[in-house]
Amino acid sequence: MKTPLSIRARLGLGAALVLLAFLAGAGWAVQQAHADSVRAARFARLQTTVYLLMAGAELNVRGSLVMPAALAEPRLSLPASGLYANIANLDKSEEWQSLSTLGLSPTSVSPGVSSSPALPFQRRLAAGQWQFETVTAPPAGPSDSRQPHPTFLAASYAVTWSDNGRTAPLVFSVLEDAAALSRELRAFDRTLWSWLGGTALLLLLTQALLLRWGLAPLRGMAREIQRIEQGDQGKVQGRYPHELAGLTHNLNGLIDQERARQTRYKEALDDLAHSLKTPLAALRATLDQPDQLPAMVAQQVTRMDGIVMHQLGRAGASGAARFAPQLALAPIVGRIQDTLAKVYLEKNLVFTLDCAPDVSWRLDEGDAFELLGNVLDNAAKWARSAVSSRLWLQDQTLCIRITDDGPGFADELSVPGRRVRLDEQVPGHGIGLAVVRDLVASHHGELRVSRAPSGGAQVDVVLRAA
């Protein structure tokens with residue numbers, strides 16, 4: 001089965017992809033915005049050049065176009081400068097071209113084959129219309145068709161010109177070689193992507209360091225858990241951020257709960273072996289008295305059965321259940337009382353219950369039946385006519401009080417503690433309350449026995465939240 005990616009790898013890969021996508025998108029947007037801005041600036045310069053041509057254009061008495069020998073834009077007078085101008089007089093079918101076009105072959109001038117590309121001036125345009133475009137020069141001849149053709153930025157304007165009482169439709173067209181624009185854009189792109197690449201590397205490095213720092217508590221917790229597994233420490237001891245504090249608290253709770261369960265198993269086995277010594281010794285001593293053997297076997301088997309049941313109850317107690325669901329207690333007590341009413345039917349006992357329907361507790365259902373059943377059974381066994389049960393919540397604790405109107409405890413300290421041999425306990429309320437004591441201890445609670453106001457026995461159980 002393929003091992004899933006670590007949290008660090010997931011976060012690093014995801015953040016890197018998002019970062020690279022963002023920088024790529026931002027770089028593309030900046031690149032496009034810069035290209036549009038530079039292109040618009042160059043078109044604006046071409047438009048200014050058109051205005052310069054219009055300022056110098058005149059019509060003579062014959063309606064022919066007359067231009068000054070020198071223009072304000074020096075590049076128009078420098079051959080092959082990259083800036084070219086053309087004015088077409090449509091009525092006279094004549095054109096004027098700047099000196100910068102010398103050596104180049106315009107499409108409508110000097111027909112024939114030339115090794116230089118033709119300049120794609122605009123000659124047909126509606127009056128009053130501006131046109132800005134990027135155009136490619138057509139091949140100058142068949143031998144030039146396989147060569148790359150230069151690209152130009154073009155600005156054209158058509159106007160009906162009126163001068164000296166004459167009018168003529170003129171088309172002003174200015175071209176600028178796009179090679180300079182391409183070089184400028186490439187230089188900017190190299191600088192832009194170099195900086196963005198360096199920024200991406202710096203951010204990725206910073207991100208890796210931040211991830212290492214941010215995930216350090218998880219690595220520390222993993223090391224502590226490994227030491228716990230190896231037996232080098234007992235629980236998670238480090239101080240961790242708020243997001244992990246609940247997890248460490250729950251882990252320690254699980255560890256404590258498991259160790260308490262193991263301790264109960266060990267103590268139950270120890271006590272079982274200790275408690276069975278006397279019945280076994282009694283049986284061994286009776287082997288020489290065959291006439292008393294059956295009665296002794298029956299007596300000691302009954303004792304051993306009680307001992308085994310008690311120790312099984314102790315070992316099987318779930319203990320403080322931090323993750324157990326809330327258990328409604330009123331139905332549990334009601335079912336136990338109904339059962340006991342049938343068991344002690346001849347005593348005609350009256351069972352009363354004072355427990356709100358919303359009283360619930362994080363308690364294993366088996367532990368609840370074991371705890372409440374033993375206490376109520378002991379009360380019903382000794383009660384004369386009535387057994388009362390009261391359960392309530394107070395300050396994050398569960399309080400349970402069971403009273404009866406029987407003779408009460410002869411000795412309020414008779415609830416057995418650990419290492420008291422069960423075969424020597426007071427008959428009638430030893431084993432059951434011993435099981436209750438162990439269950440209450442496993443839930444970190446308290447068990448108190450006293451005399452009820454009615455004169456009978458009163459058993460109080462207090463359980464605190466895990």
**Student:** Is the shortest heavy-atom distance from the side chain of Val174 to the side chain of Phe121 under 4.5 Å?
**Tutor:**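 No, too far: nothing below the 4.5 Å cut-off.
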**Student:** Under a 3.5 Å cutoff, is there a donor and acceptor pairing between the side chains of Glu224 and Gln226?
**Tutor:**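 No, because no side-chain N or O of Glu224 sits under 3.5 Å from a partner of the opposite role on Gln226.
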**Student:** I'd like to know if Arg335 pairs up with Asp338 as an ion pair, taking the criterion as any Lys NZ or Arg NE/NH1/NH2 lying under 4.0 Å from an Asp or Glu carboxylate oxygen.
**Tutor:**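 Judged by the 4.0 Å cut-off on N to carboxylate O distance, Arg335 and Asp338 do not form a salt bridge.
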**Student:** Charged N to carboxylate O below 4.0 Å: is that the case for Asp405 and Arg384?
**Tutor:**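 The answer is no: the pair does not qualify as a salt bridge.
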**Student:** Any side-chain heavy atom of Trp130 sitting closer than 4.5 Å to one from Ser156?
**Tutor:**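 No; the side chains remain at least 4.5 Å from each other.
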**Student:** Scan side-chain atoms only and decide if Asn348 and Ser385 contain a donor-acceptor pair under the 3.5 Å cut-off.
**Tutor:**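 Not at all, the side chains of Asn348 and Ser385 share no donor-acceptor pair under 3.5 Å.
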**Student:** Taking the side chain as C-beta and beyond, is there a heavy-atom pair between Leu46 and Leu83 under 4.5 Å?
**Tutor:**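 Yes; the side chains approach each other to less than 4.5 Å.
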**Student:** How would you list all residue pairs meeting ring pair (Phe, Tyr, Trp, His ring centres under 6.0 Å) that involve residues 174-231, not counting sequence neighbours?
**Tutor:**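 Sorted result for residues 174-231: His34-Phe188.
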**Student:** Answer yes or no: is there a side-chain heavy-atom contact under 4.5 Å between Arg212 and Leu210?
**Tutor:**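 In short, these two side chains do not touch, never coming nearer than 4.5 Å.
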**Student:** Ser360: what forms a side chain to side chain donor-acceptor pair (under 3.5 Å) with it, not counting sequence neighbours?
**Tutor:**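 Expected list: Gln326.
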**Student:** Any side-chain heavy-atom pair from Ile332 and Leu372 closer than 4.5 angstrom?
**Tutor:**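 Yes. Closest side-chain heavy atoms under 4.5 Å.
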**Student:** Are the side chains of Met221 and Thr248 in contact, using a 4.5 Å heavy-atom criterion?
**Tutor:**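 Yes, their side chains come closer than 4.5 Å.
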**Student:** Give every donor-acceptor pair under 3.5 Å between a side-chain atom in residues 175-185 and any protein atom, sequence neighbours left out.
**Tutor:**
{"residue": "Glu176", "atom": "OE2", "partner": "Arg42", "partner atom": "NH1", "Å": "3.1"}
{"residue": "Asp177", "atom": "OD1", "partner": "Ala179", "partner atom": "N", "Å": "3.1"}
{"residue": "Ser182", "atom": "OG", "partner": "Ala178", "partner atom": "O", "Å": "3.1"}
{"residue": "Glu184", "atom": "OE1", "partner": "Arg42", "partner atom": "NH2", "Å": "3.0"}

**Student:** Within the 4.5 Å heavy-atom criterion, are Trp28 and Leu23 side-chain neighbours or not?
**Tutor:**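 SC-SC contact between Trp28 and Leu23 ruled out.
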**Student:** Just do the salt bridge (Lys or Arg N to Asp or Glu O under 4.0 Å) check on Arg390 and Asp354 with the steps written out, would you?
**Tutor:** CA-CA 5 Å; Arg390 183 186 175 205; Asp354 181 9; 3.8 Å; yes
**Student:** Could you point out which residue of Leu52, Leu125, Val50 forms a side-chain contact (heavy atoms from CB on, under 4.5 Å) with Phe172?
**Tutor:**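 One option only clears the test, and that one is Val50.
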